[in-house]
Number of protein chains: 2
Amino acid sequence: MLDERSKRVLCAVVESYIDNPDPVGSRYVTKRYSFGFSPATSRNIMADLEDMGFLSQPHTSAGRVPTDKGYRFYVENLLMEKVSFHSEIAELLTRRLKSLREDIDSLLDETSKTLSSLSHYLGLAVTPGPEESTLGRIEIIPYSDERLAVILFTNEGIIKHKVIKNDLSLSRHDLNRIARYLNREYAGFTIKEIRQHLLAEMEREQALCDSLVSRALRLCRDVMSYYGANVFIAGLAEIIELPDFSDVERIKELSRTIEDKRAIIKLIDRIIDAEGVQVVIGSENPVREMKALSVIASAYREGERPGGVIGIIGPTRMDYSSAISLVSTAARFLSSIFDKGGRG
Amino acid sequence: MLDERSKRVLCAVVESYIDNPDPVGSRYVTKRYSFGFSPATSRNIMADLEDMGFLSQPHTSAGRVPTDKGYRFYVENLLMEKVSFHSEIAELLTRRLKSLREDIDSLLDETSKTLSSLSHYLGLAVTPGPEESTLGRIEIIPYSDERLAVILFTNEGIIKHKVIKNDLSLSRHDLNRIARYLNREYAGFTIKEIRQHLLAEMEREQALCDSLVSRALRLCRDVMSYYGANVFIAGLAEIIELPDFSDVERIKELSRTIEDKRAIIKLIDRIIDAEGVQVVIGSENPVREMKALSVIASAYREGERPGGVIGIIGPTRMDYSSAISLVSTAARFLSSIFDKGGRG
DNA sequence: TATTAGCACTCTGTGAGGGAGAGTGCTAAG
DNA sequence: CTTAGCACTCTCCCTCACAGAGTGCTAATA
């Protein structure tokens, strides 16, 4: 599709621009990369690349800037080679996460902070959601006269608790039976499966009387409906320092992105089933507020099964190479923690 | 200290400036408030107010802008009168929090969002910290072969869980005894008291052998040290829209403030013991990044005892009157929830 | 034929200069 | 003590001109 020379020029322009957010001129790039041909030739090539949509000009007589398509080509090129190991984050994570191993929320919170401080972009970390988490055990503890605390243990090491009203004034004995019943029925299934199963089951039960089973189901539904992925995003103060966000409008977009966790979860759904590091560049992103941002993300695994997602969010003019190796290394690191942890 | 006329002029200037972030001129303010004297007289008064430090001029021939001291005077004046009830937030909170009553984290998260969306500033909500929370009950649940889940119930309705390694390979029986021991010893004390007591106790125990008590203490320490207040801040996307934050530097300060929860907790310590709504204006704030921001905050109560804190963070040029009534109403509302809830 | 040097052209960014507008401070009159 | 009048100051905005950077085209070159 592109001849060797065009490739070299395109990648050179992208790299120069990532280094320094000024439109890249033919003279500059030719000198810096000593192509072996003159600026005039580069100009011709760059004009062609612009026609093909890889580069664009802010105005007639400025240098060139990569388009999202240009970044995409550059990234594909990067991904052809083996992703390098980023020893710095491996070390940092080892040190910081040592004491947090037992608590997945703190673990991911710290991971997002570490990703941010090493990349100077936004660090992202998401716990396994209802589709990934499988129920390990459920415990019901009477908490006050009118309230029950339900504790949910997943096989991923997530614990969630929810207080619910003891509307049906169930006795301690009943609660034990309910817990045993639910554990027997649902342990090992994902939260999502359980939700679906609950719906079906409840319809069937409705015909019958107000049995213990139907109480158990109602209680379980209340708890399950509450289950959601936790999203950790860190580094706003860091990323704002970049020249890409010297414009207030861009910062507004960014803060909307950070506050709207649902959009992130929507995005995550696409990434979680894919293998390896995923790169979403600018306008490729379906979320409107993120069309000027790029996302580098990877799922981490819990043994065989997918867990949650971690990643980096930055401007489209982003150091993809380093971000990719950071995310890749961190994801492998997290997966290894969970493997060794032997949870469940 | 100030004669009646000066007061009127000062408050008029502050109000005008809050309405509209342009320096306030003598002609404008005199017309708008029909003082009964001419702009020239206002000019004299305003010059005096400037000498006294209540007003300042951005440059020689601009109008006046309130200083922090000016805002302080204005706010003291406001607080003399009865704080008005803000029915809108009462309604909204009633509606939104109905279903969340049982979970203090969601409750406060939603409160901070509501405060933000009604004020268009940052909404702040903090759970009770170790000094306010009293232990209700502790439960220890074996979780996997090597791990224990410790569930902490406070009388404030907070539940925290922590997974810890079962280093000492305690049996189920031992765990029950430990839990019973801890509940007997510590129920009813604040987390902070328990921490202090633990320290003393552990030193005494160290002399003795590795008894069950000393294991209980160690386990308890791990859990307690993890206990901290949760800080919820919402509304960055909202507050950035204000003209006060059209400057990128200001936004950077703001995002640093939001990311540094420790600074917020430090600030909260001063507010929690005070009665009613507290106002911290700009440079009065000990936290450096917040010297251009004002905080309106109030503790909410759990029955007799202080709970956590809620509040609003905005620019010093802030609608204090409305913010104060919002915070006051919301705090009373939360306190009433906890009262009715009859937790503990 | 592909490459290159040269050159005219275009567009931005910056800084100077000038005028309008707003508001002050001072003075002198009421 | 208050007020009208007026000169003065400072910002903001507009325009203009110019330097600088980079392009696209053309004609010469290997």
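Just so it is clear, the model here is predicted, and its values are computed rather than measured. Here is how names work: the chains are called A, B, and so on, in the same order as the sequence lines, proteins then strands, and each is numbered from 1. Atoms considered below: every heavy atom in the structure, side chains included; atoms not considered: hydrogens, waters and symmetry mates.
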**OP:** Please determine if B/Arg72 and B/Glu76 form a salt bridge, counting it only when a charged side-chain N lies under 4.0 Å from a carboxylate O.
**Re:** yes
**OP:** Report yes if at least one side-chain N or O of B/Thr41 is closer than 4.0 Å to OP1 or OP2 of D/dT3; otherwise report no.
**Re:** yes
Subject >> Separation of C/dT4 C1' from A/Phe37 CZ (nearest whole Å) >> reply: 12 Å
Subject >> Cationic tip of A/Arg5 above A/Phe37 ring, under 6.0 Å, 45° of axis >> reply: yes
Subject >> Nearest-angstrom distance from the residue atom CG of A/Asp48 to P of C/dA2 >> reply: 12 Å
Subject >> Passing candidate, side-chain contact (heavy atoms from CB on, under 4.5 Å) with A/Val279, options A/Val327, A/Ile271, A/Leu78, A/Ile324 >> reply: A/Ile324
**OP:** Output yes when at least one side-chain N/O atom of A/Arg5 is less than 4.0 Å from OP1 or OP2 of C/dT3, else no.
**Re:** yes
Subject >> Side-chain donor-acceptor contact under 3.5 Å, A/Tyr320 with A/Ser294 >> reply: yes
**OP:** Starting at atom NE2 of B/His59, determine the distance to atom C1' of D/dC10, rounded to an integer number of angstrom.
**Re:** 6 Å
**OP:** Decide, yes or no, whether a salt bridge links B/Lys266 with B/Asp260 under the criterion of side-chain N to carboxylate O below 4.0 Å.
**Re:** no
Subject >> Value rounded to 0.5 Å, distance of CG in B/Leu49 from CD1 in B/Ile45 >> reply: 7.5 Å
Subject >> Under 4.0 Å protein heavy-atom contact, by nucleotide of nucleotides 24-30 of chain C - B base, S sugar-phosphate only >> reply: BB-----
Original post:
Separation of A/Leu55 atom CG from D/dG22 atom C1', in whole Å?
Top reply: 14 Å
